[in-house]
Student: 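Take this structure, written in C-alpha cells, and hold onto it; I'll ask about it next.
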Amino acid sequence: MKIEIREQPFNAWQELHGYQETCNELRGKYGATAVFAGTMRDTNASAAVKAMFLEHYPEMTSRYLDKIAHQALQQWTIQDALVLHRVGDIHPEDTIVLIAVWCEHRDEAFQACRFILEELKHRAPFWKKETLSDNTTRWVSSNTPAK
Amino acid sequence: MKIEIREQPFNAWQELHGYQETCNELRGKYGATAVFAGTMRDTNASAAVKAMFLEHYPEMTSRYLDKIAHQALQQWTIQDALVLHRVGDIHPEDTIVLIAVWCEHRDEAFQACRFILEELKHRAPFWKKETLSDNTTRWVSSNTPAK
Amino acid sequence: MTITVKFFSSLRESLDMSSQTLNAQNVATVIDAWNQATNGAKMPDNVLVAINMDYVGRGHQVKDGDEVAFFPPVTGG
Amino acid sequence: MTITVKFFSSLRESLDMSSQTLNAQNVATVIDAWNQATNGAKMPDNVLVAINMDYVGRGHQVKDGDEVAFFPPVTGG
C-alpha cells in the first residue's frame, strides 16, 4: 500500500502503471481495480479559475489518510491500495487526488474506492484557495455534495 | 468516446494515459475520472486457471457496447468515456475490460462507470471458457453477483 | 423464407453447430426456429435469444432474412 | 502548562496567525484555548477542532503539551 502527499505534479495513469508494476505479489490475484482521479478544472462555481493553492496540516493529513485507508482495509477484502494527493500550487489539468483499490471482485473495489474518496473529502485536512482570472482569490467553502 | 473490442493484450493504464492525451477539448473541463479495470485471475471458483478463451458475437457485442455507453450518456452528464474489452486467448494478469468515464463531478463518474460495467456484464454477449491447470476446460456459467 | 440461426459458447459446443441457414416455410417464432435447427432438441431453461442483435423472448416472431441467435448467460467483463 | 494552538486556511488568514504557544494556567477546554489565543474573538460556527491530530468537540479538555488546531470545513480531494 502506498499513501503519499505530493508537492509536485504527477500523471495519474503513469503513477498507477508504475505502482502496479512493482506489486509482484499481487500478480494473478486481483480481478478488479477501481480508480478515481480528481483533476483541477479551469472553472468552478461559475468563475474561471487559473490557479489554486492547496493547504494542508501535514502531520494530521498523513495521519488521516492512513486512518481512512486502514478503515477501508477493515471493511473490505482489499489486496492493495494507492492514495496520492497533491498540495501546494496547482494549475488546471493537474491531478489533485488519485485513489486506486485492488480487490478480487468488483463490488468491494468500487465501494472501498468511493469510501476512501468520501472520507478523504470530509475528514482529511486539506483546503483549497482559488485564484480567479482577475487575480482575486477565494477559499473554497465546501466540497460538492456526494450525491 | 472510444469503444473497442481487442484481440491483443493491452495495458489498462497505458491505454488510459494515451487516450486522455488525445482528448484536447477535455482539458481543464473534467474534475472526476472513475475507472474500472477487470483483470484475469489465476484462480476462479477454487481452481487454478491457466488460460481462458473469451468468445463473443462480434456484431451484437459491438452493438451492445455502443448501446450501453449511449444509455449512460443519456443518464449522466458525461464528458468522455473509454471502453475496451478483450476477446480470444487470455492469460492470468491480462486486462479483460477497461471502463473509464470523465465527468465534472465524482458521483456521476462513479455511477456511470458502474452502470456501464454492470450492463456490460449482464447484456453484452461475451462468454468465458477456462482452461484449468490439468488442461480440462469449463465454461464459466455466470458472473459474480453485483452485490 | 430464409433464416440464419447461430449458436454460441457451450450451446455451440453441445449442439456441435455454430450456424445454420433455414429455408423454412413453417417457422413463425423463435421456438420454431430452434426446433427446426436442432431437430427438436430440448431448449435449456437459461438460453438467451437475440434476433438481429437484439434480445427477444422465445415466443417472438421471426421473419424472412432474420438472424436468430441462441446462447447461454453472458459472462464478460 | 504549555499548549500549542494552530490555525489553518481562511481562519489563519482572518486571525493573521498560524501558530501560537500558550503558557497558560486557566485553559481547561478547547474554548478556553481559543479565547486565550485569539483574545476572545468570536469562534465561527463551522470551525473544526483537532487535538493532537484527532477531531474533538469544542468542550473537549486540553492538557499540558497538547497541540490544538482550529480550521474551517475541509475541501480536499
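A, B, ... follow the sequence lines: proteins, then strands. Residue 1 opens every chain.
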Student: Any chance you could measure A/F53, atom CZ, to D/S9, atom OG, to the nearest 0.5 Å?
Tutor: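 That separation rounds to 9.5 Å.
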
Student: Which atoms of A/Y64 are under 4.5 Å from chain D, going by heavy atoms: the side chain, the backbone, both sets, or neither?
Tutor: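 It is the side chain, since no backbone atom gets that close.
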
Student: Please flag which part of A/R123 lies under 4.5 Å from any non-hydrogen atom of chain D: side chain, backbone, both or neither.
Tutor: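 Both parts, heavy atoms under 4.5 Å.
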
Student: To the nearest 0.5 Å, what is the distance between CZ (D/R12) and CH2 (A/W127)?
Tutor: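 Here the interatomic distance stands at 9.0 Å.
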
Student: Can you tell me if CD on A/E25 sees more than 12 non-hydrogen neighbours from other groups inside 6.0 Å?
Tutor: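 Atom CD in A/E25 is crowded, with more than 12 foreign heavy atoms closer than 6.0 Å.
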
Student: Would you find more than 12 non-hydrogen atoms of other residues, nucleotides or ligands less than 6.0 Å from D/Q61 atom CD?
Tutor: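 At most 12 heavy atoms, drawn from other residues, nucleotides or ligands, come within 6.0 Å of this atom.
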
Student: Roughly how far apart are A/Y57 OH and D/M53 CE, rounded to 0.5 Å?
Tutor: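 Nearest 0.5 Å value for the OH-CE distance: 4.0 Å.
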
Student: Return yes when atom CG of D/D64 has more than 12 non-hydrogen atoms of other residues, nucleotides or ligands closer than 6.0 Å, and no otherwise.
Tutor: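 For D/D64, atom CG is crowded (more than 12 foreign heavy atoms under 6.0 Å).
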
Student: Rounded to the nearest 0.5 Å, what separation is found between the NZ atom of A/K129 and the CD atom of D/E13?
Tutor: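 Separation between the atoms: 3.0 Å.
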
Student: Any side-chain heavy atom of D/F71 within less than 4.5 Å of one from A/E55?
Tutor: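 Contact flag for D/F71/A/E55 side chains = no.
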
Student: Mark yes when over 12 heavy atoms from residues, nucleotides or ligands other than A/D134 sit less than 6.0 Å from its CG; otherwise mark no.
Tutor: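 Above 12, so yes.
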
Student: Once you round to the nearest 0.5 Å, how far does CD of A/E130 lie from OG1 of D/T75?
Tutor: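 One gets 9.0 Å once the value is rounded to the nearest 0.5 Å.
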
Student: Can you tell me which of A/N143, A/T61, A/I99 forms the most heavy-atom pairs within a distance under 4.5 Å of chain D?
Tutor: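 Sorted descending by pairs with chain D, the first entry is A/N143.
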
Student: Taking all heavy atoms of A/S141 and all of D/P73, pick out the closest pair and write down the distance.
Tutor: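 Looking at all heavy atoms of both residues, the shortest contact is O-CB, 4.1 Å.
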
Student: Need one label for D/N52: side chain, backbone, both or neither, based on atoms under 4.5 Å from any heavy atom in chain A.
Tutor: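 D/N52 touches chain A through backbone heavy atoms alone.
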
Student: Which atoms form the tightest heavy-atom contact between A/H85 and D/G77, and what is the distance?
Tutor: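 Residues A/H85 and D/G77, closest heavy atoms: NE2-N, 2.9 Å.
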
